[in-house]
Amino acid sequence: MKKTMHRVVAIGLLVCSAAVAGHEQNPSKDWNRLREKNLQLGLPVERVDQTLGACRKSGLPVENADALLCSVYTAQAEGLPTECVFLKIEEGLAKRIAWTDVQAAAGNRLDCLRRADQLVMSGRQERGGQHQHLVMHTCVALESGLPEEVIQSVFSRPGGFRYGRVIHVIEAGETLQLSGLAPKDTLHIMHDCLDRNLNGIEVSRVVDVVLAGHRAGKDFETIHAGLWVQSN
């Protein structure tokens, strides 16, 4: 397993270090070569065009754009969701952040995706159809400050829950974390939602009730005591 991962990482690094082949003093041709390179890697055409367009709009030379996309290439090679990295790059460029800082942020997003993937796989035997979506939501939750031990506890909860249900619960945990609810209380709500097998609308209703009580200054025990009466 380690040898396979090392091989995948090596391939990603090779792609990152490769210059846009056949460089000529022709900007349009250079951008077309970079676009073709991305498409040959299997990256989605709409996302590639959108991100390259953002790079050109920001005035980046093609060489810098290629370097900026290094984390995307590595994510693709490792089977991680590239959408998350593309979005981080586009967000940074839209805010007119220095491209080297955007590059660093994309690298941090890649590291977060790796952590998220490990957490997801700690509770599953294989990567199902919505695996990448769950990894993306887990990564965003981690970046929002939801502790790894909380997420780990959710993924190790007995019950064999479907990806969609777990995604809704992870989103709920992120929202509660950002609202200032204590991690142990957030975890309690997340476990409740899983154990009751709530769907997305029901989970949202629970979050609304908890947040309303939290904003009103109620303690968690009081909120939880009346929670299921109000959310059913």
What donor-acceptor contacts under 3.5 angstrom involve side-chain atoms of residues 173-185, with partners at least two apart or in another chain?
from, atom 1, to, atom 2, distance (Å)
Glu174, OE2, Ser144, OG, 3.0
Thr175, OG1, Glu171, O, 3.1
Gln177, NE2, Gly145, O, 3.4
Ser179, OG, Leu176, O, 2.7

Task: Residue list, side-chain hydrogen bond (donor to acceptor under 3.5 Å, both in side chains) with Asn64, at least two apart or on another chain - done: none

Task: side-chain hydrogen bond (donor to acceptor under 3.5 Å, both in side chains) involving Ser204 - partner list, sequence neighbours excluded - done: none

Quick one: list whatever passes salt bridge (charged side-chain N to carboxylate O under 4.0 Å, His left out) with [X], sequence neighbours left out.
X      : value
Asp111 : Arg114
Asp195 : Arg157
Glu36  : none

Open item on the list: Determine whether Arg33 and Asp30 satisfy the following criterion, salt bridge (charged side-chain N to carboxylate O under 4.0 Å, His left out), listing intermediate values before the conclusion.
Closed with: CA-CA 5 Å; Arg33 289 193 185 95; Asp30 290 341; 3.2 Å; yes

Task: Cys193 and His168, any side-chain heavy atoms less than 4.5 Å apart - done: no

TODO: Measure the shortest side-chain to side-chain distance between Tyr73 and Leu43 over non-hydrogen atoms and say whether it is less than 4.5 angstrom.
DONE: yes

Considering residues at least two apart in sequence or located in another chain, which fulfil the side-chain contact (heavy atoms from CB on, under 4.5 Å) criterion with [X]?
X      : value
Cys139 : Arg109, Cys112, Leu113, Ala116, Glu143
Asn199 : Arg165, Ile201, Glu202
Thr222 : Lys218, Asp219

Task: Point-to-point distance, once rounded to the nearest 0.5 Å, from CE of Met136 to CD of Glu83 - done: 5.5 Å

Open item on the list: Using modelled atom types and a 3.5 Å cut-off, is there a donor and acceptor pairing between side-chain atoms of Glu78 and backbone atoms of Leu110?
Closed with: no

- [ ] Not counting sequence neighbours, which residues clear ring-ring contact (aromatic ring centres under 6.0 Å, His included) with His188? List them please.
- [x] Phe220, His224

TODO: Scan residues 94-113 for pairs that pass ring pair (Phe, Tyr, Trp, His ring centres under 6.0 Å), counting only residues two or more places apart or in two chains.
DONE: none

Task: Other residues, nucleotides, ligands: >12 heavy atoms within 6.0 Å of Glu149 CD - done: yes

Open item on the list: Minimum heavy-atom separation for Leu60 and Trp31, please, with both atom names.
Closed with: O-CZ2, 3.2 Å

- [ ] Heavy atoms only: give me the nearest His131-Tyr163 pair and the separation to one decimal.
- [x] CA-CE2, 3.6 Å

Please tabulate, one pair per line, all N/O donor-acceptor pairs under 3.5 Å involving side-chain atoms of residues 86-98, not counting sequence neighbours.
from, atom 1, to, atom 2, distance (Å)
Glu90, OE1, Arg47, NH1, 2.8
Glu90, OE1, Gln50, NE2, 2.9
Glu90, OE2, Arg47, NH1, 2.7
Glu90, OE2, Thr51, OG1, 2.6
Glu91, OE2, Lys95, NZ, 3.2

